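None of the values given here were measured: they were computed from a predicted structure. By convention in this document, chain letters (A, B, ...) are assigned in the order of the sequence lines, proteins followed by strands, and residues within each chain are numbered from 1.
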Amino acid sequence: MISLKINGQSHDVDVPGDMPLLWVLRDVVGLTGTKFGCGIAQCGACTVHIDGKPVRSCVMNVSAVGDRPITTVEAVGETPAGKKVQEAWLDLEVVQCGYCQSGQVMSATALLTRNPRPSDADIDAAMAGNICRCGTYPRIRAAIKKAAEV
Amino acid sequence: MAKKISGPSYGLLEPGDLSVTSRRRFLQGGGAGLLMGFVWLRNGKAWAAGEEPSLKVIGGGDNNGGNTFQGFQPGGFIRIAGDGKITFIIPNTEMGQGIYTGESMLIAEELEVGLDQITVIPAPPNEQLYQQPILKSQATGGSTSIRGAWIPLRQAGAAARTMLVAAAAARWGVPAGECTAERAVVKHGPTGRTLGYGELVDDASKQTVPADIVLKDPKDFKLVGKPAKRIDTPSKVNGSALYGIDVRLPGMKIAAVEVCPVVDGKLKDVDTRPARAVPGVVDVVKLDNAVAVIGDHFWAARQGLAALDINWDNGSKENVSTQRIVEDLKTASEVGKPVMGRTVGDVAAGFRNAAKTVEAVYQLPFLAHATMEPINTTVHVRPDACEIWVGTQAPTAVQKAAADLTGLPVEKVIVNNYMIGGGFGRRLIADSIVQAVNIAKQVSYPVKVIWTREQDIKHDLFRPAYYDHIKAGLGADGMPTVFTDRVTGGSVLGSYLPKGLPEGVLDTDAIEGAAETPYDFPATQVDWVRKDPPIKVNWWRGVGPTHNVFVVESFIDEMAQAAGKDPVEYRRALLGKNPRALAVLNLAAEKAGWGEKLPDRTGRGISLHDSFGSYLAVVLETSVSPAGEVKLRRITAAVDCGININPNSVKAQVEGGFVFGLSAALYNGITLANGQVEQNNFNDYRQIRINEIPPFEVHIVASGENPGGLGESGTVSAAPSLGNAIFAATGVRLRTLPFDREELRQKGSDGSVLSMVAPVGLAVAGLASSDGAKTSSDPARPDLSLSSEMV
């Protein structure tokens, strides 16, 4: 049995230690906001925060999380940066199909948490790991800048 | 004589094809009040000629075909309950294009409700109620949704509002003309009395359907044409939106699947015991060409699959390779029998009278869709029914496929359609649903089948590869005397239609975007040599135009170069009969600063097309390093999509579609060797990323024309504008996609290459010798093996 602290709640899960956190969240805990995109940390759709830092949950063994707090897209709006990011995403109509946007929101929130006034280069560095096939990148960049001004 | 292209097409919508709703189709329902069906007629002309469509009974019912709804349901699209709850049953699938919002705006505009007052649910499979009038099928694709819905959804809203207003007027005993409706409330002007829609559902149900539905004058639009917030956005930023892959059901298990890696190969045998030994594995299921391992969660299923040593029967396609496919396309182009697409004017005379000829070969690769949401389907096959949870672009095709596989009547196949994490044509095909049903038939519980990204890419149904030979004659003034294009490639329509497409019959998709360009050529001939590849092919975002407009728009620049003219000036001179195309061209050029000086090794490329009923010009500015590295600097688009429903979505679709096309232009091509797809995942089927995307402006041209489609237009523009920009920056013409940076380095590494400066044409003409274009004054280079005589 592995004990996880997810979005402020404790969850005991009976899963193998090498099971990626992504599938624990989606298939065992039932938090489906975190998305499966590639399975090899190439697309960022599965991004969650562990101790506030962005992590690709598709390649993160659940046993490696330990007692560090996990935040997913379902609760990131409760953080100041997450709230600003979600509001900016709504204001600027970033989303299209939306499938990658959980990961985009998580990466952007992590960026703004550690760097409240990111430059274009900072945005590139923080967000280049998140693929969007709908091509919402221009609006993602604009929304991060808008969130940074709030 | 111009040959009218007929047959199935995603092309321009002609006014006569606009659908209308039947003015009076209703059924006296029992108990629940009046249930009426507004049917989207297949052919507006029949209606205009006074032919009455056949009277068909349409169930009012709930989303799954039952008859449980109590309230006002005028047709298939609108349902108003006694508590005032308003539901729109949306005929098209939301896959990112914003159609839930756009179609809701059409209905809400005429129903006089706010977007915040409605709930949207996806339509169940029902060809009679929800057949798309352009595709002639209940499907979402081809940038047809708004074009098809523009009149019927407004009519549905107007008819319902008229009946609600009439019901209120009758209750008050006043003329309906004294009453107005706003935000789901009917108001009697002289007395100020009001009644909510919910209070009127019973009376409205008894009202006669208006014989003549009067639609609003566009100047009175409250919603249409004004930026609206998408109704699906809030759920997509907080993780609560549910896609097919997010379905969770009591007792549900999850399957991972391995398909024979060789095209059309079969399963020979497998010892299933190693998988069954993996903790969490529940079942192992064999299919004709695959093995599925079912587990408590996807990880167990994956681990179980990985434990198996599967023996495959590779079949007859072990030697399939893209190298051979491309060789076959070239041979077919040279010696194959073409099917005529379109011929206008005297083509032979056009070449005889030409002072110069220009010709080139363009080649395009197979493409995977690589939607962000990997392929998935959840199925529960029960003795008396089959229930499916999936995001699909074609719900009736899914329903029929499952009925065929299970032997159940179609009404016993329940399809729950979900929002889609990217469609791009992939989810028009039911192949993965067929596989999932075949798995679910072997177990008693609901099973969710998920493909890994590797499966998603390797076992996609690809956009065909093409080999196109294009040629033009230029007069002494440099302007075209004739324009010909021989397209060679497989038939998507032939792969899609259940009975295929007979040899010798034109697949209009193969030539769409080339046969009818925005330009006025004295003579044109566009034909198609069919050469189906040994793998299945499918629609891909932008369909025919994405392929053909790349070839045509690149070649127009080659013609301009041969004529010594600026690419924008050259196009302008060919647009005398096409004012809408000319307007977007001029606007994009102006906003992009066309002709203004740029740094060395930097250039602007333009592309123009009118596809899906919309006009789009894009100027892309790019620089190319001596090492062949392409850096995008600025994107400027001008679009005329007719009346635009939601400017927010118009801009988003142009931006997103273009970025989608850039990934393909820069990076994507599916290759096969030894019968197997060589790409695996986003590491080797690379997608463009945010750090590569420059500032992007979209300018909308105001228009009162009927709405055009826009979901694919941006994609069409990407490769040609990039190829033209690369040429402008380096003098190197790249004619094969994806653009080869090594070729660019080898041919264009000379740092002294002129940059594009005003007047652009002169700079380009000066670069002609650095390029491989074959013209009469620039003899064929050995690396271009073109057939010497085409006409």
Side-chain angles (χ1 to χ4, degrees), chain A residues 15-16 18-20 22-24 26-28 30-40 42-43 45 72-77 85-87 89-91 93-102 104-105 120-121 123-141, chain B residues 94-98 227 229-230 232-243 245-246 248 254 279-280 296-300 303 370-374 419-424 450 452-454 648 652-653 655-660 662-663 681-683 687-691 693 695-696 714:
Chain A
V15 297
D18 64 351
M19 184 166 169
L22 169 68
W23 299 110
V24 177
R26 290 184 55 83
D27 289 352
V28 179
L31 291 168
T32 56
T34 304
K35 301 304 187 196
F36 168 51
C38 69
I40 58 169
Q42 283 284 311
C43 78
T72 71
V73 69
E74 284 91 348
V76 77
V85 166
Q86 287 178 336
E87 285 172 356
W89 251 240
L90 294 174
D91 284 347
E93 289 283 303
V94 169
V95 171
Q96 291 189 28
C97 93
Y99 191 82
C100 75
Q101 297 295 344
S102 296
Q104 305 281 3
V105 164
D120 276 332
I123 293 172
D124 284 347
M127 302 302 295
N130 289 76
I131 291 173
C132 173
R133 286 287 280 150
C134 296
T136 62
Y137 301 128
R139 294 180 186 220
I140 288 173
R141 183 183 301 282
Chain B
E94 178 62 65
M95 47 192 177
Q97 78 279 45
K229 297 282 188 190
R230 289 177 59 135
D232 54 343
T233 306
S235 68
K236 289 177 173 177
V237 303
N238 65 18
S240 65
L242 290 180
Y243 302 82
I245 202 168
D246 299 325
R248 288 169 59 80
I254 300 181
D296 290 327
H297 43 68
F298 189 63
W299 184 245
Q303 295 297 93
T371 60
M372 281 309 299
E373 180 191 4
M419 281 195 285
I420 296 180
F424 318 132
I450 300 173
T452 61
R453 177 60 61 192
E454 289 79 5
N648 264 343
Q653 286 306 295
E655 292 165 5
F658 193 89
V659 171
F660 186 88
L662 286 173
S663 277
N681 201 320
F682 290 132
N683 59 323
Q687 302 308 319
I688 202 163
R689 294 174 183 273
I690 192 171
N691 56 307
I693 299 298
F696 199 139

| task | Would you mind checking which part of Ala300(B) comes under 4.5 Å of any heavy atom in chain A, side chain (CB onward), backbone (N, CA, C, O), both or neither? | result | neither
| field | Any side-chain heavy-atom pair of Pro234(B) and Leu90(A) under 4.5 Å | value | yes
| field | Engaged part of Phe696(B) at the chain A interface, taking heavy atoms whose separation is under 4.5 Å | value | side chain
| Judged by atom type as modelled, is there a donor-acceptor pair below 3.5 Å linking the side chain of Arg453(B) to the main-chain atoms of Gly39(A)? | no
| field | Under 3.5 Å donor-acceptor, Gln687(B) side chain and Arg133(A) backbone | value | no
| said: For Thr371(B), is there any backbone N or O sitting under 3.5 Å from a side-chain donor or acceptor partner on Tyr99(A)? | reply: no
| Face-on cation placement of Arg26(A) at Phe298(B) ring, 6.0 Å and 45° thresholds | no
| request: State whether the side chain of Lys236(B) and the backbone N or O of Gln96(A) hold a donor-acceptor pair below 3.5 Å, judged by distance alone. | output: yes
| Where does Pro279(B) contact chain A at under 4.5 Å (heavy atoms): side chain, backbone, both or neither? | neither
| Sequence neighbours excluded, which residues qualify as side chain to side chain donor-acceptor pair (under 3.5 Å) partners of Ser240(B)? | Asn238(B)
| message | Taking side chain to side chain donor-acceptor pair (under 3.5 Å) as the definition, give me every residue that meets it alongside Asn130(A), ordered by chain and number, with sequence neighbours left out. | response | Ser107(A)
| query | Measuring heavy-atom distances to chain A, does Ala241(B) have an atom under 4.5 Å in its side chain, in its backbone, in both, or in neither? | reply | backbone
| task | Answer with side chain, backbone, both or neither: which region of Met372(B) has an atom nearer than 4.5 Å to a non-hydrogen atom of chain A? | result | both
| message | For Val28(A), which atoms come within 4.5 Å of any heavy atom of chain B: side chain, backbone, both, or neither? | response | both
| Do Ile688(B) and Tyr137(A) come close enough that some side-chain heavy atom pair is under 4.5 Å? | yes
